[in-house]
Peer 1: 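My questions all concern the structure below.
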Amino acid sequence: MRKKTFLLLVLLIVSLVSFGCSKSNVSRSENTSTTSDTSQQDSDKSSEKANQDKLQQDKSKKEDEILEQKNKNQQYIICIDPGHQTKGDMSEEPVGPGSSETKFKVSWGTQGVSTNIPEYELNLQASKILKKYLEGMGFKVIMTRETNDVNITNSERAIFANENNADLVIRIHADGSEDSSVSGASLHIPASNGQYTAKIYEESNKCAKIMFSDMKEAGFKVNNIYERSDLTGFNWSEVPAVLVEMGFMSNPEEDEKMAEKSYQEKMMKAVAEATQTYFDGK
């Protein structure tokens, strides 16, 4: 009996010792797991903070670059000339300084075949959008007109840019044709061999080529870059100039597109970005 009691006591002691070891191992395992989880959490927090710091640094760098670009752009003056006006002036003026040849001071322009919007109105709408984009980039912007009810001749528009020391003139127009199927934008620049325009051809052409590329990249149909020696607004200009024909108001589909603000914004944004690229090369 004593022997049985002794054996039971021994078994009880062994069981208690085994249970204690097992519990200790479990506790040790739990402690190890907790420590591992804590370390992982600390690592994740550290990684997240590093990412946030990098994002903040990248943002600050980008903001500094934009500010630097705007400060640089402030040295440039861009003249926007919204073509035409409410009433044309059919009296005449010299096509160039000292020329005996004359042309209408400012014509009426065309009108939307579907929208009935007059060209002078469309031109001003788009020009104001372009002004907003360019000013947002830091450029100083002047406009030959900011209302439709004015009487400013083509030579006076060019002289206005000359006298205000503009670095570039962007003339905004829309086109018209007897063929309603004709569509697409185009760019016009002073002629390379023009009596009055040879001196501003090179820079005008350089800017127009960039606009041509950027407008096409933005998804617009752009027909060509045309040299013009017959435009009074070019012949009187001492400033590089590009005339943007946004599209044909005689084409029903294009007329309706050009009347949309979103369409105007998309095109004028492409023109503004091209202008930035042009001045980046200065």
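Just so it is clear, the values below take in all heavy atoms, side chains as well, and ignore hydrogens, waters and symmetry mates.
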Peer 1: Verify, without hydrogens or angle tests, whether Arg145 (side chain) and Pro82 (backbone) share a donor-acceptor contact under 3.5 angstrom.
Peer 2: yes
Peer 1: Dump the intermediate steps for side-chain hydrogen bond (donor to acceptor under 3.5 Å, both in side chains) on Ser192 and Glu227, then the final yes or no.
Peer 2: CA-CA 7 Å; Ser192 57; Glu227 294 185 26; 2.9 Å; yes
Peer 1: Short question: side chain of Ser204, backbone of Ala241 - any donor-acceptor pair under 3.5 Å?
Peer 2: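 Side chain of Ser204 to backbone of Ala241, a donor-acceptor pair under 3.5 Å: yes, one is there.
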Peer 1: Is Val113 close to Asn251 at the side-chain level, that is, under 4.5 Å between some pair of heavy atoms?
Peer 2: no
Peer 1: Can you check whether Gln85 reaches Val106 side chain to side chain, under 4.5 Å on heavy atoms?
Peer 2: yes
Peer 1: For residues 189-210, pull every pair meeting salt bridge (charged side-chain N to carboxylate O under 4.0 Å, His left out), keeping only residues two or more places apart or in separate chains.
Peer 2: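 Passing the test, one end in residues 189-210: Glu203-Lys206, Glu203-Lys282.
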Peer 1: Do the side chains of Ile142 and Trp236 join up, straight or via other hydrophobic residues, at under 4.5 Å, putting them in one cluster?
Peer 2: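 They do not share one cluster, since no chain of ILVMFWY contacts under 4.5 Å joins Ile142 to Trp236.
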Peer 1: Could you check whether Phe220 and Phe212 have their ring centres less than 6.0 Å apart?
Peer 2: no
Peer 1: Under the side chain to side chain contact (heavy atoms under 4.5 Å, CB included) criterion, do Gln195 and Ser229 qualify, and how do the steps go?
Peer 2: CA-CA 8 Å; Gln195 178 183 352; Ser229 60; over 6 Å; no
Peer 1: Which residue pairs pass the ring pair (Phe, Tyr, Trp, His ring centres under 6.0 Å) test when at least one of the two sits in residues 112-135, sequence neighbours left out?
Peer 2: none
Peer 1: Looking only at non-hydrogen atoms, find the nearest pair between Gly109 and Glu119 and report the distance.
Peer 2: CA-OE1, 3.3 Å
Peer 1: Using the rule that two of Ile, Leu, Val, Met, Phe, Trp, Tyr join whenever any of their side-chain heavy atoms come within less than 4.5 Å, decide whether Ile78 and Val239 are in one cluster.
Peer 2: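 No, Ile78 and Val239 fall in different hydrophobic clusters.
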Peer 1: Within a radius of less than 6.0 Å around CD of Glu217, do more than 12 heavy atoms belonging to other residues, nucleotides or ligands occur?
Peer 2: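 For Glu217, atom CD is not crowded (no more than 12 foreign heavy atoms under 6.0 Å).
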Peer 1: Using the side chain to side chain contact (heavy atoms under 4.5 Å, CB included) rule, take Val244 and Ile170 through it: C-alpha gap first, then chi angles, then the decisive distance, then the call.
Peer 2: CA-CA 7 Å; Val244 180; Ile170 304 176; 4.3 Å; yes
Peer 1: Is there a side-chain contact between Thr275 and Leu168, using heavy atoms and a 4.5 Å cut-off?
Peer 2: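 SC-SC contact between Thr275 and Leu168 confirmed.
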Peer 1: Check whether any side-chain N or O of Asn148 sits under 3.5 Å from a backbone N or O of Thr86 as a donor-acceptor pair, and report yes or no.
Peer 2: no
Peer 1: When you group the ILVMFWY residues by side-chain heavy-atom contacts below 4.5 Å and let the links chain together, are Leu243 and Met143 in the same group?
Peer 2: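 No; Leu243 is not reachable from Met143 via cluster members.
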Peer 1: Quick one: list whatever passes salt bridge (charged side-chain N to carboxylate O under 4.0 Å, His left out) with Asp280, sequence neighbours left out.
Peer 2: none
Peer 1: Can you confirm whether Glu92 is buried at CD, in the sense that more than 12 heavy atoms of other residues, nucleotides or ligands lie under 6.0 Å from that atom?
Peer 2: yes
Peer 1: Would you say Leu122 ends up clustered with Val271 if hydrophobic residues are merged whenever their side chains have heavy atoms under 4.5 Å apart, either directly or through other cluster members?
Peer 2: yes
Peer 1: Counting only heavy atoms not in Lys216, do more than 12 sit closer than 6.0 Å to its NZ atom?
Peer 2: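 Atom NZ in Lys216 is not crowded, with 12 or fewer foreign heavy atoms closer than 6.0 Å.
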Peer 1: Please examine the side chains of Lys132 and Glu265, heavy atoms only from C-beta on, and report whether any two atoms are closer than 4.5 Å.
Peer 2: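 Yes, side chains in contact.
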Peer 1: Taking atom OG of Ser250 and atom CG of Asp255, what is their separation to the nearest 0.5 Å?
Peer 2: 8.5 Å
Peer 1: Parallel, tilted or perpendicular: which describes the rings of Tyr76 and Phe139, with under 30° parallel and over 60° perpendicular?
Peer 2: tilted
Peer 1: Given Lys257, which partner from the list Glu260, Glu253, Glu254 fulfils the salt bridge (charged side-chain N to carboxylate O under 4.0 Å, His left out) test?
Peer 2: Glu253
Peer 1: Work out which heavy atom in Ile200 is nearest to a heavy atom in Ser237; give both atom names and the distance.
Peer 2: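 Ile200 and Ser237 have their closest heavy atoms at CD1-O, 3.6 Å.
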Peer 1: Can you tell me how far apart NZ (Lys131) and CE (Met268) are? Round to the nearest 0.5 Å.
Peer 2: 15.5 Å
Peer 1: Does any part of the side chain of Glu245, heavy atoms only, come nearer than 4.5 Å to the side chain of Leu187, both counted from C-beta?
Peer 2: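 Of all side-chain heavy-atom pairs linking Glu245 with Leu187, none is under 4.5 Å.
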Peer 1: Out of curiosity, Met249 CE to Ser114 OG, how far, rounded to the nearest 0.5 Å?
Peer 2: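 Reported value, rounded in 0.5 Å steps: 10.0 Å.
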Peer 1: Please assess Met246 against Met267 for the test side chain to side chain contact (heavy atoms under 4.5 Å, CB included), listing each intermediate value before the final yes or no.
Peer 2: CA-CA 8 Å; Met246 296 180 286; Met267 182 174 286; 3.7 Å; yes
Peer 1: First locate atom CE of Met211, then atom CD1 of Ile225, and finally report the distance between them rounded to the nearest 0.5 Å.
Peer 2: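 Here the rounded value is 10.0 Å.
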Peer 1: Would Phe104 end up clustered with Phe234 when hydrophobic side chains under 4.5 Å apart are linked, directly or stepwise?
Peer 2: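 Per the 4.5 Å side-chain linkage, Phe104 and Phe234 are not co-clustered.
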Peer 1: Answer with yes or no whether the side chains of Asp179 and Ser181 bring together a donor and an acceptor at under 3.5 Å.
Peer 2: yes
Peer 1: So Pro240 and Val169, do their side chains get closer than 4.5 Å, heavy atoms only?
Peer 2: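 Val169 does not reach Pro240 side chain to side chain.
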Peer 1: At their closest point, which heavy atom of Asn235 faces which heavy atom of Pro97, and how far apart are they?
Peer 2: O-CD, 3.6 Å
Peer 1: Look up atom OG in Ser183 and atom CG in Asp175, then write down how far apart they are to the nearest 0.5 Å.
Peer 2: 11.0 Å
Peer 1: Would you mind reporting whether Asn151 and Lys87 have side-chain heavy atoms less than 4.5 Å apart?
Peer 2: no
Peer 1: Compare every heavy atom of Thr232 with every heavy atom of Pro94, then report the nearest pair and how far apart it is.
Peer 2: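 Pro94 and Thr232 have their closest heavy atoms at O-CG2, 3.6 Å.
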Peer 1: To the nearest 0.5 Å, what is the distance between CG (Asp214) and OG1 (Thr277)?
Peer 2: 5.5 Å
Peer 1: How does the hydrophobic cluster around Val95 look, that is, which other residues are in it when side-chain heavy atoms under 4.5 Å mark a link?
Peer 2: none
Peer 1: Any chance you could lay out the side chain to side chain contact (heavy atoms under 4.5 Å, CB included) test for Ile80 and Ser127, step after step, and finish with the verdict?
Peer 2: CA-CA 7 Å; Ile80 301 175; Ser127 293; 3.7 Å; yes
Peer 1: Does any donor atom in the side chain of Thr147 or Asp149 lie under 3.5 Å from an acceptor atom in the other side chain?
Peer 2: no
Peer 1: Using the ring pair (Phe, Tyr, Trp, His ring centres under 6.0 Å) rule, collect all pairs that involve residues 158-190, keeping only residues at least two apart or in two chains.
Peer 2: His84-His173, His188-Tyr226
Peer 1: Mind checking side chain to side chain donor-acceptor pair (under 3.5 Å) for Asn73 and listing every partner two or more places apart, or none if nothing turns up?
Peer 2: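 With sequence neighbours excluded, Asn73 shows a side chain to side chain donor-acceptor pair (under 3.5 Å) to Gln69, Gln276, given in chain and number order.
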Peer 1: For the pair Asn164 (side chain) and Ala166 (backbone), establish whether a donor and an acceptor sit closer than 3.5 Å, ignoring hydrogens and angles.
Peer 2: no
Peer 1: What is the minimum heavy-atom distance between Ile117 and Ala259, and which atoms define it?
Peer 2: CD1-CB, 3.7 Å
Peer 1: Which atom pair, heavy atoms only, marks the closest approach of Met215 to Ala185?
Peer 2: CE-CB, 3.9 Å
Peer 1: Taking the side chain as C-beta and beyond, is there a heavy-atom pair between Asn223 and Lys221 under 4.5 Å?
Peer 2: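 Yes, their side chains come closer than 4.5 Å.
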